[in-house]
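Everything numeric in this text was worked out from a predicted model, so none of it was measured. Below, chain A is the first sequence line, B the second, and so on; all start at residue 1. Below, each value reflects all heavy atoms present in this structure, side chains not excepted, and no hydrogens, waters or symmetry copies.
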Amino acid sequence: MIKEDIRQLLAEAIERAQRNGALPAVPVPEINLDHPPDEQFGDYASSIALKLKRAAGMAPMAIAGAISANLELPRSISLVQVAAPGFINFHLSTEWLQEQVEAVLRAGEQHGQIPLGKGERVQVEFVSGNPTGPLHIGSGRNGALGDSLARVLRAAGYDVQREYYINDAGTQAERLSASVYARYAQLLGREVEFPQDGYPGEYVVDLARALVEAQGDRFLHLPQEEATREVGRLASERVLAWIREDLAAMNVAYDRWFSERSLYESGLFTQVLQLLRSRGYVAEREGAVWFTSSDLGHEKDEVLVRRNGQPTYFASDIAYHYEKFVQRTFARVIDVWGADHQGQVPRLKAALKALDIDPDRLTVILYQLVNVVREGKPVRMGKRTGTYVTLREVLDEVGPDPIRYFLVARSPEATMDFDLDLAKKQSDENPVFYVQYAHARTASILRYAGELDYRVGDVALLQAEPELALIRKMVQLPELVEIAAQGLAPHHLPFYAQDIARVFHSFYTQCRVVSEDVALSRARLKLVAACKLVLANTLHLIGVSAPEEMRRPTDSSAEEADLS
RNA sequence: GGCCCCGUAGCUCAGUUGGAUAGAGCGGCUGGCUUCGAACCAGUAGGUCGGGAGUUCGAAUCUCUCCGGGGUCACCA
C-alpha cells in the first residue's frame, strides 16, 4: 500500500536525520499521513514536523526541511515539497499511477486486501436476536454493520468468524412458548387465558395456526408443561428460519449459529459458574446466586441464578464468552449490540476479568437504535409490545441493496430515523444506485468494446487529468480498508464508493473510451476494467450487489407510484 | 438524578488519536443528450460546526460549563 510505503519513507528519513545530526534524537510520535485539502499540495501530506516541534526544539519548517533532505525517493514519488507551517507534501508520479492500473487488474478480487491483521483470529458476533419474533429494522442495522465489518476485517487480513448467538433459553423463550401454546389452544376452541407477559403479535397466531395445520390437536393431549415446551421449541425453530431467511435476503452470512441452550446441555455453564465460585466471585444470598462484581470495581453485584433456580441471561453470556476466549481461543471478540444493551458491557468485562481473561480482548460495538417513521410519525417499536416494523416489510418495500447501503453508511453511534415512505420514494435517488450505475456503466462499456482486447493496452497512454484522477482514487481502496478495519467503522466504505463512482462518471464524460484511436481505446478500456474491479470490490465489502446492467424503473410503474 | 450516545448547509449525514480555505448526497438555481448507459456531467447558492469559557502556534476535534434530543440504570434480553 502506497500510504504505508510513504509512512515508511518518512520514518527512515527521520531516523537518518537523527543519525546525521540534522534532527535531535528525540522520540518520534506516530507518523500521520493525510490527503491534503487542495491538489496543489500533492497526494499525501504529513504534519509530523509540526508534531516534532516541541520535542525537537526547532522551527517546524526547519524540521520538515531536515526530514525532506534525508528522504530517499522511490520512483512512485515524483516530488516532495515542504509547505508552511511545516507540512511535507508528496506527489505521486504519473508513471507509477499508470502502472497501478495493471497492478489492480493483477490483484483482481484481492485489490483492497492488506496484511494488517496478520491472520489473527477474530470473532464477530452480531444480531443474535431472540428467536421470539421476526427481526425488526434495528436488527437489520446490526446485521448490515456486523456483516460488513466482518468482510472488512477479512480483507484486512484477519481470520474472521461470524456468529449468531441464539437466545433459545431463558425467560423470553418461555414467554414465546406460553404465548404460542395459548394461541394454539384457543384456535382449537379451548378457553385458555393468554399470558399477561406474552407476545401479543399477530405472528404468534400464525405460528400457532401452522402447528394446528401440521400437527392437529395432538399437543392438547399432552401434559401442559410438556406441550408448552414442545410447542415453544417448534415455534422457535420456525422463527429462527424466518430470521435466517431475512438475513440471507440482506446478503448477511454466518459461519456459525450458536445455541445458548447448548451451554447448559454441554455442562459448560455449570463449569464456568464453578470456576467463578472457586475464584471467589460468587456469593449466595436472598435465595439467589450473585456475581460479586463490586469486588472488581463494578458498581454493584449482579444476579447469576435467580431465586427460582433460573440462570440469568448475564450468567449464560459469561459462559458463552468464556467459551469463545478459552475454548475456541479467539484472540479478539467483537460483539455488535444495540445501545439498549450498553449496561451489559461493564459487567461482562468485569466477569472476564474475574475469569482471568483480558477484557480488552472484547470489543462491544454499540449502535444507536433505529426510529422508524411512517407518514411523518414515529412508529413505536418493541417485540414485546407486538407493534413494530419488520425487516421483511422493509426488504419487500425497498429492496436489499438500498437498505444494506443505507444502514452501513451511517456511523453506529448516530441515531437513525428510517422514514419508510421516504425510503420507498427515495429508491430512485438513493446513492446506492449512483454507485451501482457506475459499475453497470463500466460493464456496458466493456460489452460495447466487444472484441477490442484491452489486455494489450499501453497504460503509458493514460495521461489525461481525468484518467489520472481516477487512478488516484482507485489506489485508495486499501487505505479505506485500513481505516475501516482499525476503527471498526465500515461506514467509511459507502462514502469511498460514492467518491470513486463520481470520479469515474466524470472521467467518462470527459474521455471518450472507445474511439477511432485503437491504442488509446485499449488503454482506456484497461482503465475501465480496473475501475470496474475496484467498484465491485468496494460494493462487495459493503454487501451490496454490483450489477452488470441496470434497468430504470419504467414510466408506468412510476405513474402507479404517483397515483398510490 | 448517575452513566453512555448525539447536536456540523433547508433535509439526511461524513469529518472528532488537534493541522492547510469544514465536506458529500438529496433538495434549490444555471447550463449540457446526432456520440461508448443523462439513474450522468459541469457550474452555483447555502455554515455563529448547539451556546459560552479554557488549553494550544493551530480546535468541528481536547477540557470545563450550560442548553436540547435519545438510550440505560431488572432476579428482561
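Protein atom CD1 of A/I48 is 12 Å distant from nucleotide atom P of B/G18, rounded to whole Å. Atom CD in A/Q498 sits roughly 12 Å away from atom C1' in B/U12 (whole-Å rounding). Distance, A/H491 NE2 to B/A24 P: 17 Å, rounded to whole Å.
Regarding contacts with the backbone of B/A20, every side-chain N or O of A/H35 stays at 4.0 angstrom or more from both OP1 and OP2. For A/Y165, no side-chain nitrogen or oxygen approaches OP1 or OP2 of B/A77 to under 4.0 Å. Residue A/Y367 has no polar side-chain atom (N or O) positioned under 4.0 Å from OP1 or OP2 of B/C6. For B/G19, the OP1/OP2 oxygens have no side-chain nitrogen or oxygen of A/S47 closer than 4.0 Å. Phosphate contact (OP1/OP2 of B/G71, side-chain N/O of A/T415, threshold under 4.0 Å): absent.
If you check B/G25 for Watson-Crick or wobble pairing at under 3.5 angstrom, you find it paired to B/C11. Across all strands shown, B/G37 remains unpaired; no Watson-Crick or G-U wobble contact has both distances below 3.5 Å. Pair check for B/G47 finds none; no Watson-Crick or G-U wobble contact set falls under 3.5 Å.
No hydrogens or angles were tested; on distance alone, a donor-acceptor pair under 3.5 Å links the side chain of A/N89 to the base of B/A20. Within 3.5 Å, a donor on the side chain of A/Q342 pairs with an acceptor on the base of B/G71, or the reverse.
The A/S506 side chain lies nearest to B/C41 when the options are B/C41, B/C36, B/A20. You'll find that the side chain of A/A339 is closest to B/G71, out of B/C57, B/A14, B/G71. Checking B/C75, B/G19, B/A42 against every side-chain atom of A/R307, the shortest atom distance belongs to B/C75.
On the C1' atoms, B/G10 is 24 Å away from B/C41, given to the nearest whole Å.
Side-chain N/O atoms of A/D335 and A/H341 include no donor and acceptor closer than 3.5 Å. Under 3.5 Å, the side chains of A/S545 and A/Q436 contain a donor-acceptor pair of N or O atoms.
Not a single donor-acceptor pair under 3.5 Å links the side chain of A/T415 to the backbone N or O of A/L369.
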Applying side chain to side chain contact (heavy atoms under 4.5 Å, CB included) to A/L296 and A/F291, what does each step give before you reach the verdict?
CA-CA 10 Å; A/L296 290 157; A/F291 172 45; 3.8 Å; yes

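Residue ring and base: A/F87 counts as stacked with B/A20 (centre distance below 5.5 Å, interplanar angle below 30°).
Looking at heavy-atom distances under 4.0 Å, A/E302 makes no contact with the nucleic acid at all.
A/Y320 and A/F258 have their aromatic ring centers within a separation under 6.0 angstrom.
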